[in-house]
Amino acid sequence: MFETLDSFNSNSSPMTCLVVDDSAFMRFHLKRLIRSFKNITASEATNGDEAITEYQRLHPDFVLMDIIMPGIQGVETVKKIREFDPSARVIMVSSVAYKEMVEEAFDAGAKYFIPKPVTTEALRKAIECVLGAAA
Amino acid sequence: MRLEFVKAFVNSTTEILGDLLGSEVAVRSMAMQANPSADREVITIIGLMGEVQGDVIIDLDQETAEQLGGFLTGEVAHGMTPLMKSSIAEMASMAIGRAISQINDNGTRLTMTPPNIFTESHLRHHDKQFETLVAPITTAYGEVRISVAIQDLN
């Protein structure tokens, strides 16, 4: 168990993150926030199908997942990733965050939910929560 | 037209612009039009489905779009690059998503499509001919105009 993201990172090998969002700007923004943390590298996927393929290839430490995307949506993608890896740590990141949708995301296996717009502190707290809970 | 929904879209857009830009934004006025229309260079359309149907259109001139996009990306804008367009579309998506969340939490089922962004298209006529509320929102980077064209299916 670790206290903060910085203390975890200073004693560990690099963590990996998969950013899944159909928006080029959101992938850019989330990767920019991730870069502000020490020792985390981020890969990206632009839709649900690509996310499943990349997850199976990379086995990232955690995933940042959008919900509303063309084609397979975020919640369904989480279910498929969790079928492949029941211990997958997924943080949902969505502009739509009504109660029913948040519950649906948690039922699918998501560990945390951040409404957009995403701040550095909200992301830090989410990462510490999902990694700490699994440590 | 359900005015409480229209108010939710205008308020959420104002809030998101304020949150993202960190400066004061204000709704100057609101006006009803017979049909949706948008005549500025950068237009984002988000479709609404569920107990209400229609579109929310956010349009702005290119200079405002470039300045907003430049602020959001932290990069100097050289025209409406794919990243600049994406930042404007995402800003609209966040604004409408927040309103959709409030409306659903208040008991009306409503979903949204991903945003579609058009540049230099000067969309003057729209396929959905619904009564539209138009609200110009003043920001430090120029005016962002939101048009809410919805029809209650109940």
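Atom set for the values below is all heavy atoms of this structure, side chains included, hydrogens, waters and symmetry mates excluded.
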Visitor: Which heavy atom in B:Ser86 sits nearest to a heavy atom in A:Ala24, and how many Å separate them?
Guide: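 Looks like OG-N, 3.2 Å.
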Visitor: I'd like to know if the side chain of B:Asp105 reaches the main chain of A:Lys99, judged simply by a donor and an acceptor atom lying under 3.5 Å from each other, with no hydrogens or angles considered.
Guide: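 The answer is yes, because a donor-acceptor pair under 3.5 Å joins these two groups.
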Visitor: Can you check whether B:Met112 reaches A:Ile68 side chain to side chain, under 4.5 Å on heavy atoms?
Guide: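 They are in side-chain contact.
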Visitor: Find out whether A:Lys116 and B:Glu90 are in side-chain contact, i.e. whether some heavy atom of one side chain is under 4.5 Å from a heavy atom of the other.
Guide: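 Yes. Closest side-chain heavy atoms under 4.5 Å.
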Visitor: With a 4.5 angstrom heavy-atom cut-off, which part of B:Glu15 approaches chain A: side chain, backbone, both or neither?
Guide: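 For B:Glu15, neither part sits under 4.5 Å from chain A.
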Visitor: With a 4.5 Å cut-off on heavy-atom pairs, point out which of A:Thr119, A:Val96, A:Asp21 contacts chain B the most.
Guide: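 The answer is A:Val96.
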Visitor: For a quick test of reading the model, state the closest non-hydrogen atom pair linking A:Tyr98 to B:Asn104 and the distance between them.
Guide: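 Answer, listing the atom of A:Tyr98 first, then B:Asn104: CG-CB, 3.4 Å.
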Visitor: Same cluster for B:Met32 and B:Ile58 if Ile/Leu/Val/Met/Phe/Trp/Tyr side chains link at under 4.5 Å?
Guide: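 In one cluster with B:Met32: B:Ile58, yes.
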Visitor: Are the side chains of A:Asp22 and B:Pro114 in contact, using a 4.5 Å heavy-atom criterion?
Guide: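 With C-beta onward as the side chain, the pair touches.
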Visitor: Just wondering, more than 12 heavy atoms not from A:Lys31 lying within 6.0 Å of its NZ?
Guide: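 Yes, NZ of A:Lys31 has more than 12 neighbouring heavy atoms, counting only those of other groups under 6.0 Å.
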Visitor: Output yes when a side-chain donor or acceptor of B:Arg98 lies under 3.5 Å from a complementary backbone atom of A:Ala97, and no otherwise.
Guide: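 A pair under 3.5 Å: no.
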Visitor: So for A:Arg27, is it side chain, backbone, both, or neither that comes closer than 4.5 Å to the heavy atoms of chain B?
Guide: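 It is neither, since no heavy atom gets under 4.5 Å.
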Visitor: Between B:Met49 and B:Val148, is there shared hydrophobic-cluster membership here, with clusters defined by ILVMFWY side-chain heavy atoms closer than 4.5 Å?
Guide: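 Looking at the clustering, B:Val148 is in a separate group from B:Met49.
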Visitor: For atom CD of A:Gln56, is the number of surrounding heavy atoms from other residues, nucleotides or ligands below 6.0 Å larger than 12?
Guide: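 Result for CD/A:Gln56: enclosed.
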Visitor: Decide whether B:Val27 and B:Ile146 are clustered together by the hydrophobic rule: side chain heavy atoms of Ile, Leu, Val, Met, Phe, Trp, Tyr closer than 4.5 Å, transitively.
Guide: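 Yes, because B:Val27 and B:Ile146 connect within a single hydrophobic cluster, where side-chain heavy atoms sit under 4.5 Å apart.
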Visitor: Is chain A contacted by the side chain of B:Ile16, its backbone, both, or neither, given a heavy-atom distance below 4.5 Å?
Guide: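 The answer is the side chain of B:Ile16.
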Visitor: Just how far is it from atom CG of B:Leu83 to atom OG of A:Ser23, taken to the nearest 0.5 Å?
Guide: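 B:Leu83 atom CG to A:Ser23 atom OG measures 8.5 Å (nearest 0.5 Å).
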